[in-house]
Structure formats: C-alpha cells, structure tokens
Q: 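Just passing along the structure, written as structure tokens.
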Amino acid sequence: MSRLFFILTLIFLSLACTNSHAQAFNYHLNMQNENLHDFGVLLKSTEETSFPVSFDKVKSWQSNLEVLEQRALFGGRYWLVSELINHTNETQFVLYPYNTVVNKIETKLYSESGTIQTVTTGGEISNEFPFHYGNRIQLNPNERYLLVTAFESDFFYTPIKFVIKPEQAFKKLVVTENLVMILCFGVGLVLGLYNFLIYLGSKDKTHLYYALFAICWVFAWSHFFHISDQLFGFYSSNLHWLGFALTPLTNILFYINLLKLKETHFKLTNGSLLFGVIASCGVPMAMLFPSFGFLWATIVTGIALCLGLYVGFLRISEGFKPARYFVLAYIAMAIPNMIGNLTNLGVLPPSSLNLYLLGLIGTAMDALLLAFAVADKFRLTNLENIELNKNLELKVQQRTQELEDLASELRDASEAKSRFLANMSHEIRTPMTSIIGYADGMLLGDIKPTEKGHAINVILQNARHVQNLINDILDMSKIEANRLEVELIEADMFRCIAEIESLLGKQIRDKGLEFELNYHFPLPNLIVIDPTRFRQVLLNLISNALKFTSVGKISIDVSSKNEKLEIAVRDTGIGMTKDEIKSLFTAFHQADTSTTRRYGGTGLGLNISKNLARKLDGDITVESNVGSGTTFTLELGLYTTKDTQWVSCLDELPQSKLDLQSIDTSTTLKGKVLLAEDHPDNRKLITIILEGMGLQVIAAENGQEAVQAVLDHEFDLILLDIQMPVMDGEEAFKFIQATGVSSPVLALTANTMTHEIERYLNMGFTDHLSKPIDRSKFHKKISHYLNLEVEELNLPSGEFEALQKNYLQGLDEQKELLNSSFKNNDLVALKRHVHAIKGTAGMFECYDIHNYASQLDELLKNGTIEGVDVTLELLIDSMCDAEKAIL
C-alpha cells in the first residue's frame, strides 16, 4: 500500500511540474494559449459596482476597487481586468472559460477605437457551443483591448481557466471533446444497463451494484458537461454533487460482492460499509450548499479511492485473480481524479489541462475495467463449476456408497434392537411369571400361611429385578438423548465398596465360588464422586462376572495410580474372543443368541457402565481369553476433599459419624406443617404420614389456598407441590416469600432431574422431596428440618389398603380426563393429568401405572408427539388392570 502511494505521489508531482512548465512556456507564446487569470488583475466587487462606461474610464474605475488576493471558494462576485493585444492575423476568436461550473460570467471587451463587445456565458445562460461555455469575440490585429469580466456564482469549485482561442481551433476542440464525452457516457450507460439486465435474470447483486455505481457517476459527471440544460433545458447547481456523494457507497457495495470480501474479511467489510453510509449522510448538505458538496465529495471520493486500492491489493495478495482488473480500474480512475482533487484544493498548482474531461475519461476507464473484473470473476466461477461437474459423478458414487453403508448400519441397528426387544421380553416375563404366580397363589389361597413369607420375598426379589431392568432402559434412553447426569459429592469409598460386597458377596459364595476383595494401600477414605452411579457400575461389572463364571473365583482389586482410582474385577469364567470384545460395549449387544438364552440379560449394562465411567472422568477396559476368564478394569478420576485421609490399612479408617450417632426413635415430632398437594389421594396419604409423626397438618388443594393459609397461620414447615391448578407451586412460593415467612419451604415434585432440582433451589426453595415418596428419605428429611430424628412410620396395613382401594376406584375419572384431553389435542391438560398420575401412582404402589405415566410425562416434556398415543394406551390399560385387581 505504501509503495502505491509513493508511485501515485511521483505521478502527481511530475504532472504538476509538466503543467507548470507548459504555462510558463505558453505565457511567452500567444495570448490565446494563456490563462487570463494568470496575468490579469482580480478585484473585489460590491453590490454598487458596475462595468466602466468606456475604454478611457477603465483605469480610473479599476483604481477605485480593492485588489482581490485570492478568489472566493464559497461563492460571491469578483472582477478580472486584463489587457490584450492581438499579435496574430486572426480576427475571430472564442473567449472560453473551462474547468469550471459557475452561474454567470459577463464580459465587456473595450477597444481603443471606442467599440465595446458584451458577451455572457455560464450555467444559467444558453451556451453558444454544444456542451461548452464560451462566446465569440472579434479582435483586430495589433489593436489594444481592455477585458473586464464579472464572475458571479453561488460557488467556485475550481480555479477558473479563462482563455482566448481562434474560432476554428475552438470548434475542432469542441467536436473532439464532445466525441470523447459521448463515448465515455455511452460506456457508462451501456455497461450499467447491461449489468442491470443481467441482474434481473441472475439475481446476482454484483451486477446490481455495478449498475448503481455506473448510474451514479454518469449522473454526477453529466452536470459538469451541461447535459441536463443542453438536452432537457434543466439546470440546478444543487444536483452537482449528489452523484459524487453517493458513488462511495455504491462502489463499496460493488467491491464487497465482487471481491467476496464478506467471506474473507468481515471487519473490513463492516468498516467499508460504515464509511459508505457516512459518505451518503452528506447528501442533504451537499444539495443545500453546493460549495460544501464540493469539499465533501472531494474528501469522500478520495478516501473511497484509497480504501478501494487497499482492498484490491489485499485480495491480490490473497490470490483472488479478478482483483487485478479491479486495481487497474481504480488506478485509471484515481490518477486523473486525484490530480483534479488536489488541484481544486490548491495542493497542486493550476493546470492548463481539461481536468473535468480527464476525470470523465478516467471514470469511464474504471467502469470498463471493472466490467472485465466482473467477467473474470464469473469466468473463474464457471471453471469451478466445470471442475465440480467433472467430479460430480464420483461424488454421487461416493454418496451412494455412504447411503448404502448407512442403510446397512440402520439394518444392523434395527436387528440389534429387535434382538434387544426379544431379550427384554424374556428378561421381564421370567420374573413376572414368579411375581404373578405367587401373587395369584396368595389371593386364591394356594400358598400356605407358613409359606407366605417366602412368597413375599420371591415377589420382592423379582420386582426389584424388573425395576433394575427398567432403570437400565431409562439410563440407555438418557445416554442416547445426552441427558445422562451425575452428581459429584463427597462419599466414603470404603463404605460404597462394602455395600456392593454385602449385596453380591453372599450370592457369589452361594454359587460355590471364591470371593476376594483386595485393597492395595495407600487409599483415600473420602472421594468426590457420584456414589449411586459408582455403585451402579460396580454392580454391573461384578454381576456380569457372576453371570458368566461357574467355577473358580471372583476377585476385586482396589488401588490408586497416577491420580486415578483403579478397580479391577477378575473372574475365571468362560472368557471372550477378540471379536466379541470389540463390540462388547455396544448398546443392545450380546455375544450371540445362545448366550442370551443361557445367561439372560439386556445387553445394556456394559454400555451404560462405560458411559457412566466416562462421565466420572474415567473409562472401562477389558482383557479376556476364551476359557480362562475376564478382567474388567474400572478407572475413575480420583478427586479428594480437605477431610480426606489416606490410610495404609483398614484399621486406620475413621469410624463413621453415622455409626457414632444414636438415633432417638422414642420421640415424635412437634410442629405445624402446611401441605399443598392438588391430588386428593396423595394429599390424604401424605397427611396421614405426617400426622403419624406427631405433626399438625393443614392441607391445601392449590397454590392460592396455600398462600391464604400462610397469611392465616404460622407454620414450622411448608411442603409445596410444583404443578397445581389455579396457582402452581412456583408462583405460590413467590407470594409466600413476599410475606416474609422464614420457615423452610420444600418443593414436592415428581420432576427429579438434576437441572430441575437446581432451578427450584436457585428460586429459593430450601430443599425438595421427590414423588413417589421414599418413606425412609421422607422421614429423615422432615425430621432434619424439624431438628429431630424419628423411626420410619409403617402405616397399619388395613388403613393403607383402604386408601389404595379408594385411589383405584377413582381411576375412572382420571381415564376420562386423559382420553378427553388427547382427543381434543389439548397437550397442556394431558401433560398436567399425566404428571399428577405419575406422582400419585407410585405412592400407592401402583408401579405399572407409575412407570407408564413416567414414560408419557417424559415424551410430553420433551415435546415429542411420536409414541404418545401408544404410551397413553398402555397407561390406560394398566389403570384398567389395576381396577380389575381390586374387584
């Protein structure tokens, strides 16, 4: 960029020097080649000043006027007095002012013989010559003349050139300049119209902005060559600078699209557009004050030229070939126009060249070269398209192959899910056979009283197995939706592992296998982890080892290496091949159908475990050989707390605080509790539980009643259901906060996702209780906030069965509401009813209803319409089955 400015500066200075030499040379040649301003006298004018009456009075008239040191820039009136002697044999001349646009130039030519010639030209005067100022005058050879000229205008844009030329030479000049002018304007009009027509067909904005740019400069230059008044009889100095003030914006829009500047230089694009808008903002002032318009247009067009050159050279350096023509176009326009601008501003000395015509020629060359740039851009685009077409067949083949591979993957996935459904059917039907069989036996009296305890244990064990299956499926759906969550808290590592040992150690030994738990010290007692997910992963790995091991032993090795907790589960089972290991952690995968038939399982456990391990900043790896067993290694991120102790043996473990605390189960709670729950069965059940703990309970059906109760009573604890009619729990909580209540407020909700619980706590809820209610957790939490511990309350079986029967008898109304909401496509009401059933069914141990309601609630919450009808039908069927069971 600096080299460009250096070159342009040298060009400007050389031209300026050439012009000044020409003036000095012409000054001694003939008066018809000299600028009368250079040797005449400039005089100030007043309103009373008029032309002298005769040749003899000119000198005395001149002596009464003050000399004008510098011509006015922003308009006015001044005089020029020159002495002329015709040393040629010509008599017919033209007095020609050029390089200027003024309102009126009036001249009186006084001769020694006493004759006076009066001529007038200017923007407001009809021209004697087409598209040119100038007047015919007669000068006799060797006769002395005094020329007095009055220049009057609202503006003086440029230093006026005022020459005398022989008439024949001037007519030739007019013809030549008019031909050049018509050619330049023709280039602009034709190229502008051509690109506009192309835009109408292609909708490519490059052509539109080119056409707008061409229209602007044609309109701008036309006022300097008297096009409007010569062709249409209209003249207005207020329109002189309108086109020039709009040219920067149209040109910037053009080169942004031509040079693809938006894709490569976002900030430069915005900066250019900002400058274009600023330049256009000067239009009103330029039209109201033409002299201001001259300065404004000179400045903004000069900046626009420099900015365009910078952008062009930048894109050339980046290898964008059409920018070559763009830069040439800008140079062609910049040289004459910058010379004219600098001359007009007085930076360069006056020139005898017709700077307006040179500026027009430069702009026409710019338009022509820009057309080449546009053509070159689309030539390259066509070449790219041809290249793309050459590769199209190959790309189609590649895409076809990709689609075939995808179809194959989808078929494999469909087959895997079909196998999974078959496995699930087997896995669920097997424990359900025991559950239903023993339950029917107890109802029909086939089970002896002495065997009822065993029957209940079988039902409970198989029900928990089914619950684990459902949990696996739900975890899998969360993984696929990227919604699987972990909660990192401080946990006792040894206690978590001990719980797993107590759950599975006896089962392993009962199968006749050896079981070893080896700690490789030092190990931390407290770690930051999700203890529930930690236990889930270990249970999956150890249960898997137990499933596939018939003889030998299962061992667990716990160690810490490289800031990682490492747990290796080894077995002496059937082992696996390398191919089986590759797809071991794939969802719905099992080694083969025979494995499914012999060992059972859903094929989800290991996939879920690996995902959980990664959520806990770790992974699971496996080593196995057929017939010699398998080793699963669980590696987790090892994060400790300030209370963590590294122990070298089990004896160093600190005794748990829970073990040291004696729980007083003899004392009941005291206090008043507000329970807001919209479902009547839930409300009655929770009220009974709370009253059984010794608490006084006031129940409300909705948030509005809860707020009124807070205003009427003082409570030690408040339980608010979140989704309630009239006023929901969140809105009611805001009102309760506004009353200044300081009692703990617990959110009672079936929404138990981590992000939902965090939102309730961020709102200001003290804590939350999830539905369906876990009796043990419910009692501990209530006792915590009332500062006492109580033993878990077991409702009398008769009273609970009566509540459960009453709840089931009310399902008909719930079914009607569900069907009505679904038929009316009222998804909001449907979601509300489903959520209520989800929270209530679990509390009354109607687990089928609770599970289907949970699935349907999740679909509605995620906005998923697909599958709603099927899940709703399953929910209603489960409600019908539950009703039949009590008859």
Side-chain angles (χ1 to χ4, degrees), residues 1-12 191-192 194-195 198-199 202-214 216-217 246-280 300-338 362-392 394-395:
M1 190 66 184
S2 59
R3 291 181 180 178
L4 172 65
F5 284 133
F6 179 74
I7 293 171
L8 290 177
T9 303
L10 289 178
I11 293 172
F12 295 157
L191 291 177
Y194 173 71
N195 277 273
I198 292 179
Y199 165 73
S202 66
K203 301 302 179 184
D204 188 330
K205 290 185 178 179
T206 305
H207 296 286
L208 174 63
Y209 294 140
Y210 180 95
L212 292 175
F213 169 63
C216 284
W217 73 255
L246 291 174
T247 299
L249 177 61
T250 55
N251 199 15
I252 286 168
L253 290 171
F254 168 70
Y255 74 59
I256 285 174
N257 283 269
L258 173 71
L259 303 179
K260 297 182 178 180
L261 201 62
K262 188 180 296 184
E263 293 86 345
T264 55
H265 299 281
F266 184 73
K267 291 184 178 179
L268 188 56
T269 299
N270 289 340
S272 299
L273 286 173
L274 178 61
F275 170 71
V277 172
I278 292 173
S280 301
V300 297
T301 54
I303 295 174
L305 283 171
C306 295
L307 183 60
L309 284 170
Y310 171 75
V311 170
F313 278 111
L314 178 64
R315 294 297 283 138
I316 287 177
S317 67
E318 293 171 347
F320 189 70
K321 293 183 178 180
R324 298 172 298 174
Y325 290 106
F326 177 81
V327 170
L328 288 175
Y330 258 62
I331 291 175
M333 181 170 60
I335 292 175
N337 283 283
M338 290 299 286
T363 308
M365 288 295 296
D366 171 72
L368 191 60
L369 290 169
L370 287 180
F372 280 111
V374 173
D376 194 40
K377 174 188 175 183
F378 285 96
R379 180 185 64 82
L380 293 175
T381 302
N382 289 333
L383 289 176
E384 291 173 359
N385 290 335
I386 292 171
E387 190 66 26
L388 288 173
N389 289 332
K390 288 180 180 178
N391 297 328
L392 183 59
L394 177 61
K395 291 181 178 179

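The analysis underlying the following values was restricted to heavy atoms, covering all of them including side chains, and did not include hydrogens, waters or symmetry mates. Along the sequence shown, the residues carry numbers beginning at 1. Since the structure is predicted, the reported quantities are computational estimates derived from the model, not experimental observations.
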Q: Could you check whether the rings of F254 and Y210 sit parallel, tilted or perpendicular, using 30° and 60° as the cut-offs?
A: perpendicular

Q: For residues L258 and F326, report the shortest heavy-atom separation together with the two atoms involved.
A: CD2-CD1, 3.9 Å

Q: I want to check a possible cation-pi pair here: K203 against Y199, using under 6.0 Å from ring centre and within 45° of the ring axis as the test.
A: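 That pair qualifies as a cation-pi contact.
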
Q: Considering only heavy atoms from C-beta outward, does the side chain of L253 approach that of L273 to under 4.5 Å?
A: yes

Q: For residues Y255 and V311, determine if any side-chain heavy atom of one lies less than 4.5 Å from a side-chain heavy atom of the other.
A: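 Yes; the side chains approach each other to less than 4.5 Å.
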
Q: Under the side chain to side chain donor-acceptor pair (under 3.5 Å) test, which residues partner N257, sequence neighbours left out?
A: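 In terms of side chain to side chain donor-acceptor pair (under 3.5 Å), with neighbours along the sequence ignored, N257 is linked to no residue.
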
Q: Rounded to the nearest 0.5 Å, how far does CH2 of W217 lie from OG1 of T301?
A: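 So the gap between those two atoms works out to 15.0 Å.
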
Q: For the backbone of G312 and the side chain of R315, can you confirm whether one donor and one acceptor N or O come within less than 3.5 Å of each other?
A: no

Q: Could you walk me through whether I331 and L309 satisfy the side-chain contact (heavy atoms from CB on, under 4.5 Å) test, starting with their C-alpha distance in whole Å, then the side-chain angles of each, then the deciding distance to 0.1 Å, before giving a yes or no?
A: CA-CA 8 Å; I331 291 175; L309 284 170; 3.9 Å; yes

Q: Side-chain contact, heavy-atom cut-off 4.5 Å: R324 with L328?
A: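 No, side chains not in contact.
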
Q: Can you tell whether the side chains of E263 and K260 come within less than 4.0 Å, N to carboxylate O?
A: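 No, no charged N to carboxylate O under 4.0 Å.
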
Q: Distance from L259 atom CG to T264 atom OG1, nearest 0.5 Å?
A: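 If we round to the nearest 0.5 Å, L259:CG and T264:OG1 are 8.0 Å apart.
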
Q: Measure the spacing between CE of M365 and CD1 of I335 and express it to the nearest 0.5 Å.
A: 10.5 Å

Q: If we only count heavy atoms from C-beta on, is the V300 to F275 side-chain gap below 4.5 Å?
A: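 Heavy-atom side-chain distance check passes, below 4.5 Å.
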
Q: So how far is it from L261 CG to L314 CG, rounded to the nearest 0.5 Å?
A: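 Rounded to the nearest 0.5 Å, the CG-CG separation comes to 7.5 Å.
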
Q: Test side-chain contact (heavy atoms from CB on, under 4.5 Å) on D204 and I198 and set out the steps.
A: CA-CA 8 Å; D204 188 330; I198 292 179; over 6 Å; no

Q: Mind checking the NE2-OG spacing from H265 to S272? Nearest 0.5 Å is all I need.
A: 10.5 Å

Q: Does T247 offer a backbone N or O that forms a donor-acceptor pair with the side chain of N251 under 3.5 Å?
A: no

Q: Got a second to check how far I278's CD1 is from L249's CG, nearest 0.5 Å?
A: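 Going from the CD1 atom of I278 to the CG atom of L249 covers 11.0 Å.
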
